[in-house]
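Chain letters run A, B, ... following the sequence lines, proteins first, then strands; residues in each count from 1. Keep in mind the model is a prediction, meaning the values are calculated, not measured.
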Protein chains: 2
Amino acid sequence: MTDTTDRLEDSFGVVRRATLADVARDLKISPSTVSRALDPNRSTMVNKATREKIIESAERLGYRPDIQARSLMTGRTQTIVVIAADLGNRWLTPILHGVASRVSVEGIVPIIAETNDDSRVLDDLIDHMLSRRVDAMIVVGARRGDGPSIERAARMVPMVVAARPLQDVSVPVVTHDDRRGGEMIGQHFADLGHRVVAQLLGPGAVLNFPLRNEGFTSAIESAGLRQLPAIDEALRPTYDEGARLMHRLLDVSSDVPTAVFAHNDPMAIGAMSVIRERGLRIPEDISIAGYNDMPLTSLINPGLTTVRYPGWEVGHAAAEVALRLFAGEEAVESVSLNPVLKPRGSTAPLP
Amino acid sequence: MTDTTDRLEDSFGVVRRATLADVARDLKISPSTVSRALDPNRSTMVNKATREKIIESAERLGYRPDIQARSLMTGRTQTIVVIAADLGNRWLTPILHGVASRVSVEGIVPIIAETNDDSRVLDDLIDHMLSRRVDAMIVVGARRGDGPSIERAARMVPMVVAARPLQDVSVPVVTHDDRRGGEMIGQHFADLGHRVVAQLLGPGAVLNFPLRNEGFTSAIESAGLRQLPAIDEALRPTYDEGARLMHRLLDVSSDVPTAVFAHNDPMAIGAMSVIRERGLRIPEDISIAGYNDMPLTSLINPGLTTVRYPGWEVGHAAAEVALRLFAGEEAVESVSLNPVLKPRGSTAPLP
DNA sequence: CAGGGTCTTGCAAGCGCTTGCAGTAAGACG
DNA sequence: CGTCTTACTGCAAGCGCTTGCAAGACCCTG
């Protein structure tokens with residue numbers, strides 16, 4: 001890339017960015033004309049010859065519009081923020097990609113921020129982003145009880161809740177049907193002929209998990225299987241917590257279940273390592289299923305039966321909803337996408 | 001969270017954000033005083049009593065400073081952008097956390113953007129971020145040849161290259177010693193008594209990989225081992241490409257190596273599945289090592305021997321360097337952190 | 001009591017941009 | 001040839017904030 005632009009340097013040789021005024025001065029015309037010439041929507045207002053001169057000069061001087069300054073007048077910042085719980089969480093990536101793929105065509109760049117799954121951090125973040133005048137916010141890291149903060153912010157800026165559902169909230173929610181996903185796992189266990197099953201519960205404050213629980217339990221009950229009572233719930237939906245709950249399940253219960261539903265994939269993998277540690281085989285002694293269909297689930301042995309979470313689609317839809325709200329549409333509706341069961345080697349019929 | 005703030009509503013009931021002028025009007029004082037009272041650095045300039053009244057009023061009206069407007073005067077946007085190659089790449093997360101942990105104490109929020117490992121996208125992104133007047137950029141997704149674009153931008157805004165090294169570039173580079181890491185693996189193979197080894201090369205345009213190659217090769221040579229010639233290099237450093245290269249290695253070579261160095265963990269895992277598919281055992285028939293020490297490497301069986309990549313530290317240091325540049329420090333130096341070998345079950349002595 | 005600080009506050013300019021309005025020139029029309 | 005459009009351009013205000021400067025009030029010196 002050759003660099004033939006005239007640079008504006010101050011006495012110290014530090015480069016100053018070219019402004020509209022610089023271009024105007026260069027051409028001895030008014031900044032307004034330059035502004036209009038460079039805006040695709042208003043460029044027809046200016047004479048073709050002048051416009052070409054302006055474009056040439058702008059390029060030569062290396063002019064870049066200042067989005068901050070522009071937003072002061074227009075009220076738009078071309079920025080949308082995605083508030084996530086934890087950037088390390090791999091199921092976030094497809095969601096982010098979905099959002100980016102939708103908004104980038106509008107010249108909007110998504111900002112990503114992280115709450116560490118702490119509701120106070122969420123509050124602060126929302127505050128900060130309000131200060132930044134972002135065009136919209138997509139909250140993918142909501143916890144039970146975050147509704148009021150989100151609704152309060154929704155009065156100032158378009159808000160959408162995505163991925164993790166939230167009940168009784170007046171903003172649009174884009175997610176998939178966790179209840180149905182739980183049902184699918186329960187049904188799958190029943191189809192395989194299991195009689196005694198158990199769950200490793202994810203943290204109740206993240207509402208996906210109670211929904212998965214509900215769906216699973218209802219499928220189990222209507223199929224007439226027996227579910228061991230849950231000992232405890234995970235503090236965080238992680239590998240370590242999955243291992244801890246599995247230990248407790250095997251320690252406490254007098255019965256050993258023949259099929260276990262861990263509320264997400266990392267928990268399931270943690271549980272698998274514990275099962276093996278205890279000298280039990282998967283799936284011969286215990287079948288196990290997870291949730292999310294993360295990339296690593298197909299790499300482990302045996303492959304983990306799980307439910308595909310349509311992250312990209314959720315992100316894309318959430319962005320769509322956010323853009324609509326921003327455009328001033330009134331009745332923007334919530335969206336619920338469908339889960340898909342992915343049976344793999346970790347679940348098998350009862351011998 | 002109770003909501004007792006007085007809202008400024010227009011005739012349609014739409015909430016308008018409170019501005020400095022609103023607070024000033026409320027108290028019948030000048031906006032300058034309000035501005036000063038609310039800035040920690042200048043709040044001593046204003047009388048204690050007035051300051052308290054101002055703070056009370058600001059709170060009551062729900063005033064939030066407009067960062068965009070402020071940045072117009074101050075020249076700072078309190079924003080730093082991290083340009084990554086691929087958000088789905090898990091080793092990115094600790095780097096991002098490292099950056100965030102350093103800048104957040106300054107009230108700066110990192111923006112994350114993605115290039116999809118495409119140099120043209122990087123160019124566009126840099127341009128866009130220049131328009132956004134970000135305070136600094138950290139490029140974690142650089143490829144060979146991106147130097148000129150980065151240097152050009154460096155004349156307008158502090159730039160630092162992180163994680164992926166870049167040679168002959170005039171901006172600070174924060175990374176770790178890939179050459180040394182490669183050496184460690186080579187030495188490890190030699191220590192275990194292997195005689196015939198091979199590599200699965202990562203894409204040469206990402207400069208970490210040639211460095212790993214160099215280090216490994218030099219260790220191998222000085223230990224007097226034989227290295228099979230590399231057939232091909234991966235197009236992307238992924239599971240699939242690792243599998244493809246492993247297939248080719250086993251197909252093409254007349255010799256079978258007893259130890260293989262895959263240039264990163266996903267490639268190594270891809271290779272492992274191929275090795276097994278072919279009926280060979282790990283580590284009895286073939287030892288294999290990866291690079292990065294991603295979380296999943298300890299979950300698979302056997303555990304993958306690898307080199308720990310200090311992502312958090314790299315991110316933290318890169319942010320530190322960026323902040324220094326932004327503060328106007330002149331001679332900010334490149335940083336190189338140390339790799340650490342993590343021997344696990346996937347490598348073993350030659351029987 | 002004059003002269004000199006020290007505190008507080010307000011004024012006004014300006015950051016880089018957009019935009020309503022008015023002004024000019026040129027062509028169109030009767 | 002006068003009047004109306006039409007096409008283009010500039011003026012000036014203003015988005016919400018910061019900041020140099022000056023002014024006023026007050027207190028302290030000698």
Just to verify, what does [X] make a side-chain hydrogen bond (donor to acceptor under 3.5 Å, both in side chains) with, not counting sequence neighbours?
X: A:R133; result: B:D66
X: B:Q68; result: none
X: A:E56; result: A:R60
X: A:T44; result: none

Would you please name every residue forming a salt bridge (charged side-chain N to carboxylate O under 4.0 Å, His left out) with [X], sequence neighbours left out?
X: A:R42; result: A:D39
X: B:E329; result: B:R324
X: B:R143; result: B:D117
X: A:R64; result: B:D127

Looking for any heavy atom pair under 4.0 Å, which part of the strands does A:R76 touch: base, sugar-phosphate only, or nothing?
nothing
Double-helix bend of the helix from C:dC1-D:dG30 to C:dG30-D:dC1, axes at both ends from 5 pairs, round to 10°, gives 50°
Name every residue in residues 36-55 of chain B that has at least one heavy atom under 4.0 Å from any atom of DNA chain D, in order of residue number, or write none if there are no such residues.
B:R36, B:R42
Using the test ring pair (Phe, Tyr, Trp, His ring centres under 6.0 Å), find all partners of B:H97 that sit at least two apart in sequence or belong to another chain.
none
Using chain B heavy atoms and a threshold of under 4.0 Å, write down where along DNA chain D the contacts begin and end, 5' to 3'.
D:dG16 to D:dG20
